[in-house]
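Proteins get letters first, then strands, A, B, ... in listed order; numbering begins at 1 in each.
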Number of protein chains: 2
Amino acid sequence: MAEENTVFIGKKPIMNYVLAVVTQFNSGSDEVIIKARGKTIGRAVDVAEITRHRFIPDAKVKDIQISTEQLTSEDGHTANVSSIEIFLTR
Amino acid sequence: MAEENTVFIGKKPIMNYVLAVVTQFNSGSDEVIIKARGKTIGRAVDVAEITRHRFIPDAKVKDIQISTEQLTSEDGHTANVSSIEIFLTR
């Protein structure tokens with residue numbers, strides 16, 4: 001579960017993240033974790049699906065974890081935000 | 001996996017869907033499936049998290065499945081859209 005095997009999903013074009021995952025696998029990783037929070041959760045699922053359907057056919061979804069993270073803004077307010085971790089293995 | 005135990009996530013206020021899930025459990029279901037496609041996937045995770053943290057503390061995420069569905073529009077174009085199914089049990 002090293003950070004180097006984790007791809008964090010943000011607001012860049014979706015194929016950037018797919019490429020990051022594919023690169024991880026092609027450089028020898030046997031597990032890549034796709035992680036996202038809040039509004040990017042749907043994009044994490046897209047990245048996992050595109051990776052395994054188009055680029056790494058033998059990649060499998062080993063596990064999916066969801067959780068709630070508490071974020072504190074600079075003015076001290078806290079907000080709960082959902083997060084997802086998709087564990088892809090080959 | 002009967003349809004009656006499935007809550008489909010749309011664009012209504014999030015608490016509507018939480019209430020639907022809670023109602024299913026309180027009417028005797030031991031499993032409720034939260035299903036969403038595309039942009040509402042993040043909301044499905046929110047519904048699962050709010051349900052188990054605030055309303056049904058003994059509810060657990062038994063499994064999460066992701067897949068790709070092919071949608072055909074009226075003019076014959078097809079588009080791939082990711083989907084998620086979250087299986088909550090108590």
- Message: According to a hydrophobic-cluster definition based on side-chain heavy atoms being under 4.5 Å apart (Ile, Leu, Val, Met, Phe, Trp, Tyr only), do Ile34(B) and Ile14(B) belong together?
- Response: yes
- Val61(B) versus chain A, the contacting section by heavy-atom distance below 4.5 Å: side chain
- Query: What option among Gly42(A), Ser67(A), Ser83(A), Ala44(A) has the most heavy-atom pairs under 4.5 Å with chain B?
  - Reply: Ser67(A)
- Only one of Ile66(B), Asp63(B), Ile86(B) passes side-chain contact (heavy atoms from CB on, under 4.5 Å) with Ile64(A), and that residue is Ile66(B)
- So which residues of residues 46-57 of chain B are in contact with chain A at a heavy-atom cut-off of under 4.5 Å? Asp46(B), Ala48(B), Glu49(B), Arg52(B), His53(B)
- If you check every heavy atom in residues 70-78 of chain A against those of chain B, which residues fall under 4.5 Å? none
- Message: Membership question, hydrophobic clusters at under 4.5 Å side-chain separation (ILVMFWY): are Leu19(A) and Met15(A) in the same one?
- Response: no
- Selection from Thr68(B), Asn80(B), Ile84(B) maximising heavy-atom pairs under 4.5 Å formed with chain A: Thr68(B)
- Query: Can you name the one residue among Ile41(B), Val45(B), Val81(B) that meets side-chain contact (heavy atoms from CB on, under 4.5 Å) with Val45(A)?
  - Reply: Ile41(B)
- Task: Evaluate whether atom CG of Asn16(B) has more than 12 neighbouring non-hydrogen atoms of other residues, nucleotides or ligands under 6.0 angstrom away.
- Result: yes
